[in-house]
**Q** 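Provided herewith is a single structure, encoded as C-alpha cells, for subsequent inquiry.
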Amino acid sequence: MLVPRSPAFLCCLVLWLELCGGEPAERGADGAPTEGVPLATAAEEPGCPVCLWRKHSKEMRLESIKSQILSKLRLKEAPNITREVVNQLLPKAPPLQQILDLHDFQGDSFQHDDYLEEDEYHATTETVISMAQETDPVVQIEGNPHCCFFNFSPKIMFTKVVKAQLWVYLRPVQHTSTVYLQILRLKPVTEDGSRHIRIRSLKIDLNSRIGHWQSIDFKHVLQNWFKQPQNNWGIEINAFDPNGNDLAVTSLGPGAEGLHPFMELRVLENNKRSRRNLGLDCDEHSTESRCCRYPLTVDFEAFGWDWIIAPKRYKANYCSGQCEYMFMQKYPHTHLVQQMLYFNDKQQIIYGKIPGMVVDRCGCS
C-alpha cells in the first residue's frame, strides 16, 4: 500500500529552510529582483505543479549559493571589484595562466562523482597570489623605493607554506644580455641612512624581445617573515643590464597593468577520503514527482560578480520534488568541492577549495 504524499515535505522546501532559514527574493530571467509578482504567476507551464516547484527550487538554490559563497569565504559582502579593476590587477604571468587554463573558465574538470566523507564549512586556501604594494615611508629615502611590500593575513601566516615564489617581470631586450638581479630586504631608515640588506642575487642570460617573467624561490625569506612579522618591511628589486639600465618592472602606476611583482604561495591541504555517489537524477524534461537532483549551472557573470576570476560558471545542481508522508528530506549531500580563483576584499588573488558547493545527490530519509 502506498503511503500518501504531502507537499509539506517537499524536499526543495526543506532544503531552503535548512540552508538559508528564510525565503528568497523572486528574480526574473536576468537575475534581477521582481517586485509584486506572485510566485504562482511565474510558472512556465500552467497546471504543472512539478514544473512550478522545480522553478522555485532552482531560484532558491541560486540565492542560497550566493549567500553560502560569501559566508564560506568569510566575506560580509561581495568585494567591490569591477571588471576594469580585474583587468588592471590580474597578473599576466605563467602561474596564473596555468590555473586559468585548467579551469578553461568553466571549472568542470575539477568536479567528479565522489564526495568528501569529512567536510568543513569554510573554504580551504591552496594558493595565494599577493600583489606588491607601496612601501611604508619609514623605509624610504627621498620617496624611494616605492616597491615592494607584501601583506599577509594571520590565517596564511599560521599555515604551513609548501612553496613560495617571487615573480618579477623584466622588460624586453633587443640583444642577448646578462642581467644581474638583486633583491634587498628593507628596514626602517636610521640616521646613517642604512636600509638595504641583500638577500638574493641572480645572474640571468636574457634574450627575450617580448619581456620575461622571472621566478625566484622565496620560501626561506617568507618563513622568516612569518616567524618574525615585525621584520617584514618589504623588499627592493633591481635587475641591471651591462649598461646599468634597470629592467625590473616595479612601478605600481599606469602602464604596468598586469606586470607588477607578486608573490605566489602554495600551502598544505588536508587529505580526505571519498565515497561514491548515489541518488536519483532527473533532467528538466522529467515528470518525476519524487525528490530528485536536477542540473543547474551557476553563472557568476550573470550575478555581476566580476571578482570571481574562475570559473565563470560551474555546475551546482539542485533538489526538487516530494518526500512521502512521515519521511523528511535527508539530503542533499553537498560534499563535492569547487575550485575557485577570486579576489578577496584586500584585492589579493586567492585560489582554493570551497566545500559543499555542488549537490551530488538528493533523497528522503
**Q** Parallel, tilted or perpendicular, judged at 30° and 60°: which one describes the rings of W305 and F300?
**A**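 Rings of W305 and F300: parallel, under 30°.
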**Q** State yes or no: do V179 and I199 share one hydrophobic cluster built from I, L, V, M, F, W and Y residues joined by side-chain heavy-atom distances below 4.5 Å, directly or via other members?
**A**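 Yes; I199 is reachable from V179 via cluster members.
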**Q** Restricting to non-hydrogen atoms, name the atom on G356 and the atom on Q68 that form the minimum distance, rounded to 0.1 Å.
**A**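 Distance-wise, the nearest heavy atoms are O-OE1, 3.7 Å.
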**Q** With side chains defined as the heavy atoms from C-beta onward, is the minimum distance between W225 and R185 less than 4.5 Å?
**A**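 Yes. Closest side-chain heavy atoms under 4.5 Å.
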**Q** If you round to the nearest 0.5 Å, how far is OH of Y314 from CD1 of I65?
**A**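 Nearest 0.5 Å value for the CD1-OH distance: 4.0 Å.
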**Q** Is it true that a side-chain atom of T135 and a backbone atom of P145 form a donor plus acceptor pair closer than 3.5 Å?
**A**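 A pair under 3.5 Å: yes.
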**Q** Can you confirm whether P261 sits close enough to C147 that some side-chain heavy atom of one is under 4.5 Å from a side-chain heavy atom of the other?
**A**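 Answer yes - side chains close enough.
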**Q** So, does S251 use its side chain to make a donor-acceptor pair with the main chain of V249 at under 3.5 Å?
**A**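 Looks like no, no N/O pair under 3.5 Å.
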**Q** For a 4.5 angstrom cut-off between non-hydrogen side-chain atoms, does I349 reach L90?
**A**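 Yes, close enough: below the 4.5 Å cut-off.
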**Q** Do Y180 and I235 sit in one hydrophobic cluster, given that two such residues count as connected whenever their side-chain heavy atoms are within less than 4.5 Å of each other, even indirectly?
**A**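 The answer is no; the residues belong to distinct hydrophobic clusters.
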**Q** If we ignore hydrogens and angles and just use 3.5 Å, is the side chain of R171 paired with the main-chain N or O of D246 as donor and acceptor?
**A**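 At least one qualifying donor-acceptor pair exists.
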**Q** Find the distance between CG (L75) and CG (D345) and round it off to the nearest 0.5 Å.
**A**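 So the CG of L75 and the CG of D345 are separated by 5.5 Å.
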**Q** May I ask you to say whether E301 pairs ionically with R313, meaning some side-chain N is under 4.0 Å from a carboxylate O?
**A**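 A salt bridge links E301 with R313.
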**Q** Can you check whether D217's main-chain N or O pairs, donor with acceptor, with R200's side chain at less than 3.5 Å?
**A**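 Looks like yes, one N/O pair under 3.5 Å.
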**Q** Report yes or no: do Q348 and S130 form a side-chain donor-acceptor pair below 3.5 Å?
**A**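 Side-chain D/A pair, Q348 to S130: present.
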**Q** When you look at C319 and C362, which way does the disulfide bond (SG atoms under 2.5 Å apart) test go after all the steps?
**A** CA-CA 6 Å; C319 297; C362 309; 1.9 Å; yes
**Q** If we only count heavy atoms from C-beta on, is the F152 to L265 side-chain gap below 4.5 Å?
**A**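 They are in contact (side-chain heavy atoms under 4.5 Å apart), so the answer is yes.
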**Q** What pair of heavy atoms forms the shortest contact from W233 to V139, and how long is it?
**A**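 Reported closest heavy-atom pair: CB-CG1, 3.8 Å.
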**Q** For residues V128 and V267, determine if any side-chain heavy atom of one lies less than 4.5 Å from a side-chain heavy atom of the other.
**A**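 When only atoms from C-beta onward are counted, V267 and V128 do not touch, as no gap falls below 4.5 Å.
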**Q** Are side-chain heavy atoms of E134 and F149 found at a separation under 4.5 Å?
**A**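 No - every pair of side-chain heavy atoms lies 4.5 Å or more apart.
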**Q** Under the 3.5 angstrom rule, does the side chain of N232 hit a backbone N or O of F150 as a donor-acceptor pair?
**A**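 Confirmed, N232 side chain pairs with F150 backbone.
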**Q** Does any N or O in the side chain of D205 come within less than 3.5 Å of the main-chain N or O of N207, such that one atom is a donor and the other an acceptor?
**A**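 Absent.
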**Q** Ring-plane angle category for W167 and W213, please: parallel below 30°, perpendicular beyond 60°, tilted otherwise.
**A**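 Perpendicular, since the angle between the ring planes exceeds 60°.
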**Q** Are the side chain of K72 and the backbone N or O of P355 linked by a donor-acceptor pair below 3.5 Å?
**A**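 Between the backbone of P355 and the side chain of K72 there is a qualifying donor-acceptor contact (under 3.5 Å).
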**Q** Taking D241 for the side chain and N243 for the main chain, is one N or O donor matched with an acceptor at less than 3.5 Å?
**A**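 The answer is yes, because a donor-acceptor pair under 3.5 Å joins these two groups.
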**Q** Can you find a pair of side-chain heavy atoms, one from L181 and one from L170, that are under 4.5 Å apart?
**A**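 A side-chain contact exists here, since the closest heavy-atom pair is under 4.5 Å.
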**Q** If hydrophobic clusters are built from ILVMFWY residues whose side chains come within less than 4.5 Å, do I129 and I308 share one?
**A**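 Yes; tracing contacts between hydrophobic side chains, which count when under 4.5 Å, links both residues.
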**Q** Taking all atoms of both residues into account, what is the closest heavy-atom pair of F262 and M131, and its distance?
**A**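 Minimum heavy-atom separation between F262 and M131: CB-CA, 4.0 Å.
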**Q** Where is the tightest heavy-atom contact between R61 and V359, given as atom of each residue plus distance?
**A**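 Looking at all heavy atoms of both residues, the closest pair is NH2-CG2, 3.4 Å.
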**Q** Run the side-chain contact (heavy atoms from CB on, under 4.5 Å) test on T127 and E264 for me, step by step, so that the C-alpha distance in whole Å, both residues' side-chain angles and the decisive distance to 0.1 Å come before the verdict.
**A** CA-CA 7 Å; T127 302; E264 177 195 11; 4.2 Å; yes
**Q** Would a distance-only check, ignoring hydrogens and angles, find a side-chain to backbone donor-acceptor pair under 3.5 Å from R54 to S320?
**A**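 Looks like no, no N/O pair under 3.5 Å.
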**Q** For residues F240 and L184: do they belong to one hydrophobic cluster (side chain heavy atoms under 4.5 Å, members Ile, Leu, Val, Met, Phe, Trp, Tyr)?
**A**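 Looking at the clustering, L184 is in a separate group from F240.
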**Q** Let me confirm one number: the CZ-OH distance from R293 to Y318, rounded to the nearest 0.5 Å.
**A**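 Going from the CZ atom of R293 to the OH atom of Y318 covers 12.0 Å.
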**Q** Can you tell me how far the CD1 atom of I309 sits from the CZ atom of F343, to the nearest 0.5 Å?
**A**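 Between atom CD1 of I309 and atom CZ of F343 there are 4.5 Å.
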**Q** So, do I81 and L89 sit near enough that their side-chain heavy atoms are less than 4.5 Å apart?
**A**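 When only atoms from C-beta onward are counted, L89 and I81 do not touch, as no gap falls below 4.5 Å.
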**Q** Within a radius of less than 6.0 Å around CD of E142, do more than 12 heavy atoms belonging to other residues, nucleotides or ligands occur?
**A**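 12 or below, so no.
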**Q** When rounded to the nearest 0.5 angstrom, what is the spacing between CG in L62 and CD in E59?
**A**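 Output value for this atom pair is 8.0 Å.
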**Q** To the nearest 0.5 angstrom, please state how far the CD1 atom of I183 sits from the CD1 atom of I216.
**A**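 If I round to the nearest 0.5 Å, the distance is 4.5 Å.
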